[in-house]
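Contents: one structure, followed by commentary.
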Amino acid sequence: MWDQRLVRLALLQHLRAFYGIKVKGVRGQCDRRRHETAATEIGGKIFGVPFNALPHSAVPEYGHIPSFLVDACTSLEDHIHTEGLFRKSGSVIRLKALKNKVDHGEGCLSSAPPCDIAGLLKQFFRELPEPILPADLHEALLKAQQLGTEEKNKATLLLSCLLADHTVHVLRYFFNFLRNVSLRSSENKMDSSNLAVIFAPNLLQTSEGHEKMSSNTEKKGVYQILSWKRYQPCWVLMVSVLLHHWKALKKVNMKLLVNIREREDKV
């Protein structure tokens with residue numbers, strides 16, 4: 001089996017050589033020691049906590065997913081027909097009380113109003129110490145969307161392969177839930193475009209611990225990548241990739257690495 005580090009190196013080289021996309025840092029693989037240390041300090045807290053330090057539930061076909069995410073999505077599935085789900089804001093007072101209960105381990109989601117649970121779910125992603133879509137990939141994702149259609153799709157596929165496996169499991173689970181929400185858009189009025197507009201700022205948020213983008217990039221790039229017309233292709237593509245083709249992409253990675261190494265041997 002190929003060394004995962006070599007696979008990632010091959011992906012980075014291919015993105016740079018064929019698409020002109022440079023990725024610096026690539027923090028998709030989180031620092032486990034830091035997360036293990038954090039786990040001993042946070043107790044039962046849920047919000048503002050790294051994924052690895054959260055309680056997890058085993059979900060068939062997806063692996064181990066943060067229990068709060070599973071509980072929230074499961075509760076919302078009973079209200080998936082609710083018009084304006086995720087768009088309509090819940091009560092600020094109720095939301096604060098609900099968050100406090102969740103952080104104290106109380107099982108309160110099943111009886112909470114759906115808009116409050118939806119608001120809490122967005123807040124959960126927004127308050128992660130590191131964004132689920134690593135900040136190092138934000139500019140690369142934006143550049144990929146500026147390529148031609150075929151190149152854009154291929155580049156985005158490769159970028160999605162730079163995500164950590166655990167992140168992939170979480171995204172597969174969550175994107176499948178969002179897909180189910182969009183399938184009921186005739187009732188809830190929340191199609192994939194609306195969901196992209198709402199969740200892009202939460203999934204692509206930057207934290208203080210990351211190197212901040214330049215002011216020009218922030219002005220020119222952030223608004224572009226949060227615009228659904230530019231971000232939707234990336235969103236839809238990542239949904240399909242993470243949902244159906246992850247194992248196939250792993251094989252593509254191996255072939256890519258073989259091709260690169262064969263070219264290097266000929267030089």
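Since the model is a prediction, treat every value here as computed from it, not as a measurement. The analysis underlying the following values was restricted to heavy atoms, covering all of them including side chains, and did not include hydrogens, waters or symmetry mates.
Considering only residues two or more places apart in sequence or on other chains, Phe177 meets the ring-ring contact (aromatic ring centres under 6.0 Å, His included) condition with none of them. Under the rule for a salt bridge (Lys or Arg N to Asp or Glu O under 4.0 Å), the partners of Arg184 that lie at least two apart in sequence or sit in another chain are Glu187. Scored by the side chain to side chain donor-acceptor pair (under 3.5 Å) test, Asn180 finds no partners at all (sequence neighbours excluded). Scanning for side chain to side chain donor-acceptor pair (under 3.5 Å) contacts around Ser67 gives Ser57, with sequence neighbours left out. Listed by chain and number, the residues in a ring-ring contact (aromatic ring centres under 6.0 Å, His included) with His64 amount to none (sequence neighbours excluded). Partners of Glu106 under the side chain to side chain donor-acceptor pair (under 3.5 Å) rule, at least two apart in sequence or in another chain, do not exist in this structure. Scanning for salt bridge (Lys or Arg N to Asp or Glu O under 4.0 Å) contacts around Asp116 gives Arg94, with sequence neighbours left out. Here Ala140 pairs with Ile21, Val23, Leu159 under the side chain to side chain contact (heavy atoms under 4.5 Å, CB included) rule; sequence neighbours left out. Scanning for salt bridge (Lys or Arg N to Asp or Glu O under 4.0 Å) contacts around Glu150 gives Lys154, with sequence neighbours left out. The salt bridge (Lys or Arg N to Asp or Glu O under 4.0 Å) search around Lys99 returns Glu127, not counting sequence neighbours.
Sorted pairs that involve residues 70-84 and meet salt bridge (Lys or Arg N to Asp or Glu O under 4.0 Å), not counting sequence neighbours, are lacking altogether. Pairs passing the ring-ring contact (aromatic ring centres under 6.0 Å, His included) check and including a residue from residues 139-165, sequence neighbours excluded, do not occur.
No side-chain N or O of Asn100 forms a donor-acceptor pair with one of Asp103 less than 3.5 Å apart.
For His56 and His169, the distance between ring centers is not under 6.0 angstrom.
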